[in-house]
Amino acid sequence: MCGICGQFNFRSMEPVRRVDLEAMTRTMVHRGPDDEGYHFDGPLGFGFRRLSIIDLGGGHQPMSDKEESVWVVFNGEIYNFPELKQELEAHGHVFRTRSDTEVIIHGYKQWGDEVLNRLNGMFGLGIWDVQKRRLVLARDPFGIKLIYYRVEGDHLYFGSEMRAACATMRGRAEIDTTSLNLFLRYRYTPSPYTILKGVHKLAPGTKLTVENGSYEVSRWYRFRPTPFAPPKTVEEAREELLALYKGAIKRQLMSDVPVGLLLSGGIDSGLLLSLMNLNGSAWPTYTVGYGSTFADDELSDAAETARMLGSKHTEVTISRSTFEETLPKIVSCLEEPIAASSIVPMYFVCERAHRDVKVALVGQGPDELFGGYRRHLGVRYGQNWARLPKWVRAPISSAIGALPRNETLKRGVNSLAIPERMRRYQYVLSLLPGNGVDRLFQDGALEANAGDAILDCWASLTDLMSETDELGGFQFIEVRSTLPDELLMYADKLSMAHSLELRVPFVDKEIVEYVERLPASLKVRKGSRKFLHRQVCKSFLEAKILKRPKRGFAVNVVDEWFRGAIDSKMTDTLLDPGARIYQYLRVDAVRELFNQHSSGRHDNHKVLFSLVVFEEWLRAHETPVAATS
């Protein structure tokens with residue numbers, strides 16, 4: 001795990017200035033406190049900061065083959081590198097290190113860009129082909145790691161973080177109001193957008209190729225799920241999924257430094273710990289919560305899971321005042337505004353874990369893969385609703401629309417009337433209807449149909465999901481958009497702010513490709529979410545754990561603060577007419593959202609928290625805050 005960056009003067013071919021590349025690299029010291037490296041080749045420069053995990057003495061980057069014909073900078077882990085190394089050695093390639101980076105070099109020499117499809121891991125990487133004067137940047141299939149880039153005239157700049165790509169920028173970049181609209185709809189900015197004009201991030205499974213004075217972005221990962229024939233029985237699928245889980249966790253425990261687990265009170269991290277126990281014992285585990293200050297908390301559940309499964313457990317307790325006081329710093333670490341309320345707990349649990357371990361596993365992924373959210377129920381059974389006569393649906397829809405709060409249910413019901421598949425998915429994922437978000441903006445601040453830009457982000461995925469059912473198609477989008485650009489994004493930024501590598505075994509390539517071929521009936525069955533995943537869990541977790549209600553870090557607590565607190569710092573931010581957000585948004589429209597929420601008429605806590613995060617981001621953008629504590 002590292003921080004990478006680089007510059008390519010691809011038209012002028014003028015030499016890269018060392019001072020510029022050093023400035024870019026210095027912005028990412030927190031990502032790689034163990035080592036630093038550079039490579040210059042005329043118009044091309046690579047910079048590197050290293051957090052040493054595997055082959056502690058031999059993994060220095062930028063790295064090349066013996067002939068120095070191919071150079072690589074790489075952030076992430078390649079979990080199948082031992083198998084790839086063996087295959088490449090059979091082709092005559094000679095390795096000089098035990099590092100997974102070297103398989104990318106020799107793999108490129110053997111297979112060209114096709115090497116990307118052979119990698120099982122998480123990565124953001126750059127490959128420099130010396131003879132062809134060709135640069136390739138690539139992001140892993142599910143976007144666990146990031147690549148930002150910007151093109152300024154003849155110059156391409158890139159980095160693992162936005163601050164590296166922008167380090168040499170003259171002046172401040174402007175806010176992209178289309179991206180702001182997307183953020184307020186979805187809580188994140190979908191790739192390739194960022195909040196800044198002219199700064200982009202590679203979408204998961206895409207690459208940027210630069211040669212002969214031009215550049216092109218294309219999708220290299222083109223997995224097309226086709227249903228299993230014959231269909232898997234429950235028992236077949238359970239056994240095969242368990243085998244894939246075991247293989248992925250064994251691979252992702254590979255490390256030359258201590259490994260731990262971020263443990264919640266739920267089944268996903270509980271199953272992870274159970275499967276980790278097949279490869280060791282007394283693993284360090286870490287949980288964060290609000291303790292006695294908030295009743296709907298995970299601390300006691302996680303402690304009980306840790307006791308049952310024999311981990312060495314540590315708790316982190318934070319308060320409302322801690323949440324509000326540290327939010328500005330955390331938003332600055334994120335670089336882009338992300339309005340998941342769990343960003344604050346994630347920051348503190350990573351901070352604590354870093355004291356003991358350099359690597360931690362986390363249980364993200366099963367909710368998107370198997371249908372763990374309430375929205376998945378609507379998508380799963382929506383076709384049944386659509387088959388009802390209009391005279392039956394109409395009064396029920398009206399009654400649901402009149403309910404106080406229940407915004408997820410309202411969005412789900414309204415989306416069922418939309419005939420076009422991708423627009424249906426767009427509506428389900430939106431925090432507010434499109435016109436509700438658009439009304440927040442000042443006159444003239446927003447281009448027409450700005451919120452529909454997300455459909456362009458998904459356009460290259462449409463033909464790949466042609467054989468998926470309704471739920472499968474929705475999850476296909478989630479795994480390549482909401483999961484990487486929201487949850488995995490903040491996991492990467494907040495863990496690396498503390499020089500901690502997070503790994504997500506449930507987002508292993510083999511697991512995702514298997515699950516995406518399964519029908520909806522094995523994911524959501526008889527109203528039970530994550531059906532097949534739970535079947536695996538039953539073999540490892542006690543019934544008491546399986547029956548616990550689903551809780552998300554800090555979701556309910558933020559809702560409660562906005563509804564009941566008149567002295568909240570976050571509330572004061574929204575109601576201050578001098579707040580920076582009102583350079584773009586209307587004071588009266590935001591106040592109406594707040595009043596709807598505080599009165600109980602609507603559940604607007606997600607979009608209200610998004611507004612608070614954007615305000616904090618604007619303040620940090622004026623006076624940047626250091627990435628680390």
Report task. Determine whether the side chains of Trp220 and Thr206 contain a donor N or O and an acceptor N or O closer than 3.5 Å. Result -> no
Requested in this report: Look at the side chain of Arg238 and the backbone N and O of Leu532, then say whether any donor-acceptor pair between them is shorter than 3.5 Å.
Outcome: no
Query raised in the report: Under the side chain to side chain contact (heavy atoms under 4.5 Å, CB included) criterion, do Leu483 and Val507 qualify, and how do the steps go?
Result: CA-CA 10 Å; Leu483 178 63; Val507 192; 4.2 Å; yes
Report summary line: d(Ile78 CD1, Thr101 OG1) to nearest 0.5 Å is 8.0 Å
**Report entry** Contact check, side chains of Arg222 and Asn117, non-hydrogen atoms, under 4.5 Å
**Finding:** no
Query raised in the report: If only atom types and distance count, is the side chain of Tyr381 paired as donor or acceptor with the main-chain N or O of Gly527 below 3.5 Å?
Result: yes
Requested in this report: Report the C-alpha distance between Glu501 and Lys358 in whole Å, list the side-chain angles of each, state the deciding distance to 0.1 Å, and finish with yes or no for salt bridge (charged side-chain N to carboxylate O under 4.0 Å, His left out).
Outcome: CA-CA 6 Å; Glu501 173 176 299; Lys358 267 192 169 183; over 6 Å; no
Query raised in the report: Taking NZ, NE, NH1 and NH2 as the nitrogens, is one of them in Lys509 or Asp140 under 4.0 Å from a carboxylate oxygen of the other?
Result: no
**Report entry** Side-chain heavy-atom pair Lys312, Thr285 within 4.5 angstrom cut-off
**Finding:** no
Query raised in the report: Relative to each other, are the rings of Phe506 and His533 parallel, tilted or perpendicular (30° and 60° limits)?
Result: perpendicular
Query raised in the report: For Phe183, is the NZ or CZ atom of Arg185 found under 6.0 angstrom from the centre of its six-membered ring and inside 45 degrees of the ring axis?
Result: no
Query raised in the report: Do the non-hydrogen side-chain atoms of Arg423 and Asp452 ever get within less than 4.5 Å of each other?
Result: yes
**Report entry** Presence of salt bridge, Glu516 and Arg480, under 4.0 angstrom
**Finding:** yes
Requested in this report: Considering non-hydrogen atoms only, spot the tightest contact between Arg139 and Ser191 and give its length.
Outcome: NH1-OG, 3.1 Å
**Report entry** Check: Glu513 and Arg517 side chains under 4.5 Å, non-hydrogen atoms
**Finding:** no
Query raised in the report: If only atom types and distance count, is the side chain of Ser495 paired as donor or acceptor with the main-chain N or O of Leu500 below 3.5 Å?
Result: yes
Report task. Give, for atom CE of Met346 and atom CG of Leu334, the distance between the pair rounded to the nearest 0.5 Å. Result -> 11.0 Å
**Report entry** Candidate pair Lys207 and Glu216, rule salt bridge (charged side-chain N to carboxylate O under 4.0 Å, His left out), full reasoning
**Finding:** CA-CA 8 Å; Lys207 65 179 180 179; Glu216 178 186 28; over 6 Å; no
Requested in this report: Look at atom CD of Glu420 and say whether more than 12 heavy atoms of other residues, nucleotides or ligands are closer to it than 6.0 Å.
Outcome: yes
Query raised in the report: Hey, are Arg421 and Tyr425 close enough side-chain-wise for a donor-acceptor pair under 3.5 Å?
Result: yes
Query raised in the report: Does Lys232 count as lying over the ring of Phe228, i.e. NZ or CZ under 6.0 Å from the six-ring centre, within 45 degrees of the axis?
Result: yes
Query raised in the report: Could Lys530 and Asp268 be called an ion pair, given the rule that one side-chain N must be under 4.0 Å from one carboxylate O?
Result: yes
**Report entry** Among Arg548, Lys544, His313, Glu298, side-chain hydrogen bond (donor to acceptor under 3.5 Å, both in side chains) partner for Thr305
**Finding:** Arg548
Query raised in the report: Is there a side-chain contact between Asp367 and Glu478 (heavy atoms, below 4.5 Å)?
Result: no
Query raised in the report: How long is the gap from CZ on Phe142 to CG on Leu488, to the nearest 0.5 Å?
Result: 10.5 Å
Requested in this report: Report yes if the distance between the aromatic ring centroids of His354 and His498 is under 6.0 Å, otherwise no.
Outcome: no
**Report entry** Gln475 and His376, any side-chain heavy atoms less than 4.5 Å apart
**Finding:** yes
Report task. List the steps and the verdict of salt bridge (charged side-chain N to carboxylate O under 4.0 Å, His left out) for Arg118 and Glu83. Result -> CA-CA 10 Å; Arg118 291 175 174 261; Glu83 296 87 348; over 6 Å; no
Report summary line: Shortest non-hydrogen pair, Ile249 vs Leu272, comes out as CD1-CD2, 3.5 Å
Query raised in the report: How close do Val259 and Pro284 get, heavy atom to heavy atom, and via which atoms?
Result: O-CD, 3.4 Å
Requested in this report: For residues Ile144 and Asp492, determine if any side-chain heavy atom of one lies less than 4.5 Å from a side-chain heavy atom of the other.
Outcome: no
Query raised in the report: Between Ser341 and Lys606, do the side chains contain an N or O donor and an N or O acceptor separated by less than 3.5 Å?
Result: no
Query raised in the report: Given Ile338 and Thr189, is the side chain to side chain contact (heavy atoms under 4.5 Å, CB included) satisfied, shown in steps?
Result: CA-CA 8 Å; Ile338 300 174; Thr189 50; over 6 Å; no
Query - Cation over ring face, Arg352 and Tyr286, 6.0 Å, 45° - result: no
Query raised in the report: Is a salt bridge present between Lys85 and Asp100, judged by a nitrogen-to-oxygen distance below 4.0 Å?
Result: no
Report task. Please report the shortest heavy-atom distance between Gly371 and Val524, naming the atom on each side. Result -> O-CG2, 4.0 Å
Requested in this report: Mind listing the closest non-hydrogen atom pair of Leu361 and Leu261 along with its distance?
Outcome: O-CD1, 3.3 Å
Query raised in the report: Going by the angle between their ring planes, with limits at 30° and 60°, are Tyr221 and Phe223 parallel, tilted or perpendicular?
Result: parallel
Report summary line: Of all heavy-atom pairs linking Leu182 and Ala453, the shortest is CD1-CB, 4.1 Å
Query raised in the report: More than 12 foreign heavy atoms under 6.0 Å from CD of Glu542: is that the case here?
Result: no
Query raised in the report: Within the side chain of Thr287, is there an N or O that forms a donor-acceptor pair under 3.5 Å with the backbone of Leu263?
Result: yes
Query raised in the report: side-chain hydrogen bond (donor to acceptor under 3.5 Å, both in side chains) between Tyr490 and Ser342: does it pass, once the steps are laid out?
Result: CA-CA 9 Å; Tyr490 75 69; Ser342 49; 2.7 Å; yes
Requested in this report: Kindly compute the distance separating CD (Glu304) from CG (Leu299), expressed to the nearest 0.5 Å.
Outcome: 13.0 Å
Requested in this report: Run the numbers on Glu77 and Arg503 for salt bridge (charged side-chain N to carboxylate O under 4.0 Å, His left out), then give the verdict.
Outcome: CA-CA 9 Å; Glu77 301 289 347; Arg503 298 178 178 178; 3.7 Å; yes
Query raised in the report: Backbone N or O of Leu309 within a donor-acceptor pair of the Asn277 side chain at under 3.5 Å?
Result: yes
Report task. Quick one: pull up CG in Leu522 and CZ in Phe531 and give me the separation to the nearest 0.5 Å. Result -> 7.0 Å
Query raised in the report: Can you check whether Leu242 reaches Leu275 side chain to side chain, under 4.5 Å on heavy atoms?
Result: yes
**Report entry** Note: Arg187-Glu486 ion pair, threshold 4.0 Å (strictly below)
**Finding:** yes
Query raised in the report: Is a donor on one side and an acceptor on the other found under 3.5 Å between the side chain of Glu236 and the backbone of Thr233?
Result: yes
Query raised in the report: Do Tyr148 and Ser160 get their side chains close enough for a donor-acceptor pair, meaning under 3.5 Å?
Result: no
**Report entry** Atom pair SG/CG of Cys457 and Asp485 - distance to nearest 0.5 Å
**Finding:** 8.5 Å
Requested in this report: For Lys250, look at atom NZ and say whether over 12 heavy atoms of other residues, nucleotides or ligands are found less than 6.0 Å away.
Outcome: no
Report task. Ignoring hydrogens and angles, tell me if any N or O in the side chain of Asn120 forms a donor-acceptor pair with the backbone of Asn80 under 3.5 Å. Result -> no
Query - Donor-acceptor side-chain pairing of Glu467 and Thr226 below 3.5 angstrom - result: no
Query raised in the report: Just by distance, with hydrogens left out, do Tyr373 and Glu368 show a side-chain donor and acceptor under 3.5 Å apart?
Result: yes
